[in-house]
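Heads up, the thing below is written out as structure tokens.
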Amino acid sequence: MAGKPPTDGSHPTDTGGFNRRTFIKSVGAANVAASIGLAGCLGQQLGGGGGAEPIKLGGTVPETGQFSAVAGPFGRMYDNWAEKLNAEGGLSVGGEDREVEVIWYDGQSSRDRNIRLYTRLVEDDDVDILLGPYATPAHLAVLPTVEEAGVPFITTTAGSPPIYNQGIEGIFSPIDLIINWTETYFEMVEERGEAETIGFVVSDQAYANGLFQGAKESAQNIGLEVVNEEVSNPGTQDFSPIISSLSQESPDIVFVSSFAPFAATFVKQATAQELDPNEYHVPQLIKAFVDSVGDDVANYMTGEWYWLDDLDFEGQFGKQFYLDVLNQTDISNTDFPWAAVHYYSLEVAGAALEEAGTAEFDPLVSTLNEISIDTISGPTEFRDFGPFENIGSIQPYPVQIQDGEYKVIYPKDIAQAEYVYPMP
Amino acid sequence: MAATGLSLVYGVTRFLNLAHGTFVMIGGLLTFLMFNFVGSEAWWIPFALMIPIASLMFGLGVLVEIVLVEPSMERSEGSLLEPAILITLGLAFMLRDLTREFVLSTDFGISFYLGTVGLFGLKLEIIKLIAMVMIGLTAIVLTYFLRETYLGLAIRAVSQNRKGTMAVGINLENIMRLTMGIGSSLAAIAGVFIVIVTVINPEFGLPFVAKLVTIIVLGGLGSLVGTFVGAILVGVSESMVGFFIGPGWSPTVAYFILIGILVVRPQGIFGSDLEGRF
């Protein structure tokens, strides 16, 4: 998998303190300027203004509504990223430093509102690059707008296949398809070789179903017997029938494919009803989940995270840059682990603009198709396979809570702790 | 319990409080904050917390009644629905946003487990049994209060004939404040149980109040007995449907029952044409 870090222990961005962006700013700009030609042409290609106008990125954030609890502050994160980047000189695009502006609106977790806002971003705000909204349903809703707009669209927290097989040019996902997300986790389970059965508890919504389909296939591929497939409404408050069914089959691993509130409610009730599998695997193992079920109950549960502080990838702007942005936004990774995925879209946009030297659609898309981009979670490059186009290669890392600390437990070359199975 | 509070407030004030679900959320939030502040997981902590939380919410209910409800009371009873919806919906949004901005924007619940007991071969969660007992006690205490005490009788009188109660010297404003306070306290106690068995966030209130309104319409608007029966009917139906058809259908069943009942009995199960129903 291209999304995994190098196995020789080196960092893909390890250039002796001279990261990709520094390199591009000092050397690449001259090459780009030479390849494009006259400075006058540059101004025209960048949308006029002779370099004075900022590059405009645009998107929505669910600052209010049902997704605000998991993604509400990401708009402020965009603002802080832009402010910090501009303070350091902005992006080096076509030989000159350009400021960056992120125009974002509150999508209110509403499909219809997102459609209106993306139309506004394209028609009124005239953005150069669109950033994805939050989660798959909103991405699917704005696809027709994106298709008409002719503006590159870098998706965020959306790995569902239907977004990427519609033949729409200019859509790029920094992360892998959701059906592949659990591959690394099941590699680890196979390597351990102790689990024999697995039961799935699934919230009936796009994200969870996509994750479940991929996980089920991966589980079967490594020889696990799937003994439960319990798909339930996202608003389920009483899990007694599901817990009863799981108690009868007693799977070694209970895999909860859902957002955190569903998972927490299920695990609370399963714990209260004394369901005791060898392992709970909860991909959304966020702090709110842990606070809800309790530290003792969550201890040694496994999950999947895109980024942890202990990962040593520098990314496009530097690891410390990301940490500063998080701090300025006053959000923690444990509360908002999806922040990293939204941040990838900024890294991808920045890298593409600097590499292409222009905000024009065609050169940007060509550049994105060719380059490998360093992110805070490792390199990503855009691949086509089957009907799917421009799929990035970043996958989440299996993590486990061990005595209150989140630890990456696989792949072994970057693991910070041994995988503990069964849960003590 | 939450539906009882909503029904009581509506029955007396004729003011449909759409912020009631948000009051439940705030009760849960206060439980979460206090539980973590206390830092002890002793079995009695959440139940002890009900006292200060219900008291605080009583105060909030009275404040809301004075500031937002009373100014509308000059209108006739029949024209209260529109201002009630607008005012309490606005209040719900405001409380939600204030919570999210200044207190907590993430999901929250408390880690509190009492285990199970075996009964006729079934495993029953102790916390749910306690909740059932609490609901039963609430019903008994509330019924006694409304039927046997002066204040309770005054509340019933207001619900049946507002002008008449004023004529006999009952202080209408105080009765309404008291009712709003009691209703808000019941919402808060429901919130305590909810954060024990599930996980909620600041957005919880409005979807939840939709279910509460369904229950009280099903039972008959303003009827406490109807509310209890409606809540039990919805709860049992959700569990049965969850067990035999699938838990995914549980949240929908209340609305199917509501439609069915309204077709055959538009005033709800225990609804009547009488002004007062307590």
Side-chain angles (χ1 to χ4, degrees), chain A residues 62-73 109 201-204 230-245 247 259-275 284 286-298 331-332 334-336, chain B residues 28 32-33 35-36 41 93 96-97 99-101 104-118 122-129 194-204 206-208 210-211 235-236 238-254:
Chain A
E63 197 176 30
T64 56
Q66 63 169 321
F67 296 129
S68 65
V70 286
S109 309
V201 180
V202 185
S203 166
D204 192 6
E230 310 289 346
V231 181
S232 190
N233 189 300
T236 303
Q237 294 292 313
D238 183 3
F239 286 91
S240 301
I242 290 176
I243 295 163
S244 173
S245 173
S247 296
F259 288 108
F262 179 100
T265 302
F266 164 74
V267 169
K268 283 178 80 167
Q269 293 177 15
T271 304
Q273 294 181 36
E274 296 161 357
L275 183 71
Q284 295 250 342
I286 63 175
K287 186 169 177 291
F289 169 88
V290 176
D291 288 344
S292 298
V293 302
D295 292 340
D296 291 343
V297 172
I331 59 177
S332 72
T334 49
D335 282 326
F336 298 98
Chain B
F32 172 78
L33 295 173
F35 186 79
N36 287 327
E41 293 182 7
F93 284 132
R96 179 200 66 183
D97 291 348
T99 301
R100 200 173 47 208
E101 195 62 32
L104 196 66
S105 63
T106 56
D107 304 306
F108 54 88
I110 64 171
S111 55
F112 180 77
Y113 302 97
L114 291 177
T116 59
V117 290
L122 296 172
K123 260 188 195 174
L124 298 175
E125 282 181 65
I126 293 172
I127 189 66
K128 289 183 180 171
L129 289 176
I194 283 171
V195 291
I196 291 174
V197 298
T198 185
V199 175
I200 61 176
N201 62 40
E203 309 289 332
F204 171 82
L206 286 171
F208 188 66
K211 177 170 277 191
V236 171
E238 284 184 344
S239 295
M240 300 284 277
V241 167
F243 192 82
F244 290 109
I245 300 176
W249 288 97
S250 293
T252 316
V253 71

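Everything quoted here is computed from the prediction, not taken from an experiment. Every chain is numbered from 1, with letters handed out A, B, ... down the list of sequences. All values below come from the heavy atoms of this structure, side chains included, with hydrogens, waters and symmetry mates left out.
The parts of A/V293 that come within reach of chain B are both its backbone and its side chain, each placing non-hydrogen atoms under 4.5 angstrom from that chain. Heavy atoms closer than 4.5 Å to chain B are found nowhere in A/S203, neither backbone nor side chain. In this structure, chain A has no heavy atom under 4.5 Å from any part of B/I200. Both the backbone and the side chain of B/S105 come within contact range of chain A, with heavy atoms under 4.5 Å apart. Residue A/F289 does not touch chain B at all, counting heavy-atom pairs closer than 4.5 Å. Heavy-atom distances place no part of A/D204 under 4.5 Å from chain B, backbone and side chain included.
For chain A, the option among B/V197, B/I127, B/T198, B/I126 with the highest count of heavy-atom pairs below 4.5 Å is B/T198. Ranked by heavy-atom pairs under 4.5 Å with chain A, the first of B/I196, B/L206, B/T252 is B/I196. Chain B forms the most heavy-atom pairs under 4.5 Å with one residue out of A/Q237, A/K287, A/E230, A/K268, and that residue is A/K268. Of the listed residues A/V297, A/T271, A/D296, the one with more heavy-atom pairs under 4.5 angstrom with chain B than any other is A/T271.
Once rounded to the nearest 0.5 Å, the distance linking CZ of B/F204 with CZ of B/F108 reads 8.5 Å. The distance from atom CD of A/Q273 to atom CD of A/Q269, rounded to the nearest 0.5 Å, is 6.5 Å.
The side chain to side chain donor-acceptor pair (under 3.5 Å) pairs that include a residue from residues 106-117 of chain B are A/E274-B/T116, B/D107-B/N201, where partners are two or more places apart or lie in different chains.
The two residues A/P241 and A/D238 come nearest to each other via the heavy atoms CD-O, 3.9 Å. When all heavy atoms are compared, the tightest approach of A/T236 to A/F239 is O-CE1, 3.5 Å. In plain terms, the two heavy atoms of A/Q284 and A/A260 that are nearest each other are OE1-N, 3.9 Å.
Counting heavy atoms from C-beta on, the side chains of A/V290 and A/D295 come closer than 4.5 Å.
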